[in-house]
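One structure is given below, encoded as structure tokens.
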Amino acid sequence: MVDSKPLSELYSVKTIFAILVLYCVFSTKLYSDESKLNVKQIKVLKESFSYLESLEPKRIKIDKSTYNRLSQFESIFKFSFSGKKLSRWIQSRINKYSYGSTGDYIAMYQDGEVLLGRAFFSLNRLDRVLVLLHEARHADGKNYGHVICPENFQFLNPRDWKIHPAGKKGCDSTSDGGYGITAAFLFELGAYGYLNQTEAAHRYNSEISRVIRD
Ligand SMILES: [Zn+2]
């Protein structure tokens, strides 16, 4: 046999390895709520960006006057609709992703880093893109922080019904915050026929519902 080791030595190596693995598992679980994304989670994240990058402007499928009246994309992002550009826009704002408990949120942004909760990975690719787009806006500073939704806020959270926005910091007072930009993006998806008008409208309205104007 080539490269074989005495059985007793093999056991001790295995034991030390097992202790090390246990130590790592427990130390991350006990001392930190946050961990690096695993291979599967990285794949899900990459798929989200590939999907976004596949979305490019084609012929507008809605009437031009409606488009001109309601399209906000270019005035917000300063470039015309492009999934590839939007992907770069997000990636220039988020440097690091981690996985952990996010409480009442699907994801959380802090100092260039996004913490993704379990729910994120069971969303479909469009919803994942919306979450990333939303979180990336937080990189642009305090002006895009949220305000408290009214106590009588009755709109459902489209991505998780267990999350109730009423009385929580889940609304915007600006039209180009995290919710305004996802609405602007969804509008383009409807206009270019990536989503049918009914789905685009429901999704658009849902994001807009979080923009509170006095
Ligand atoms: Zn937010």
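Just so you know, these numbers use all the heavy atoms, side chains as well, and skip hydrogens, waters and symmetry mates. Atoms within each ligand, like the ligands themselves, are counted from 1 in listed order. Remember, it's a predicted structure, so these values are computed and weren't measured experimentally. One is the number of the first residue; the rest follow in order along the sequence.
- Counting non-hydrogen atoms of neighbouring residues, nucleotides and ligands closer than 6.0 angstrom, the NZ atom of K40 reaches no more than 12 such neighbours.
- By the criterion of a separation under 2.8 Å, the protein N/O/S atoms near the Zn ion (ligand 1) amount to H134 NE2, H138 NE2, H146 NE2.
- In this structure, I212 is not a member of the same hydrophobic cluster as Y144, with clusters built from ILVMFWY side-chain heavy atoms closer than 4.5 Å.
- The distance from the CG atom of N38 to the NZ atom of K43 is 11.5 Å, given to the nearest 0.5 Å.
- Between F185 and F81, the ring-plane angle classifies as tilted under the 30° and 60° cut-offs.
- The aromatic rings of Y179 and H134 lie perpendicular to each other, with more than 60° between the two planes, well past the 30° mark.
- A perpendicular orientation is assigned to the rings of W89 and F77, their planes being inclined by more than 60° (bins at 30° and 60°).
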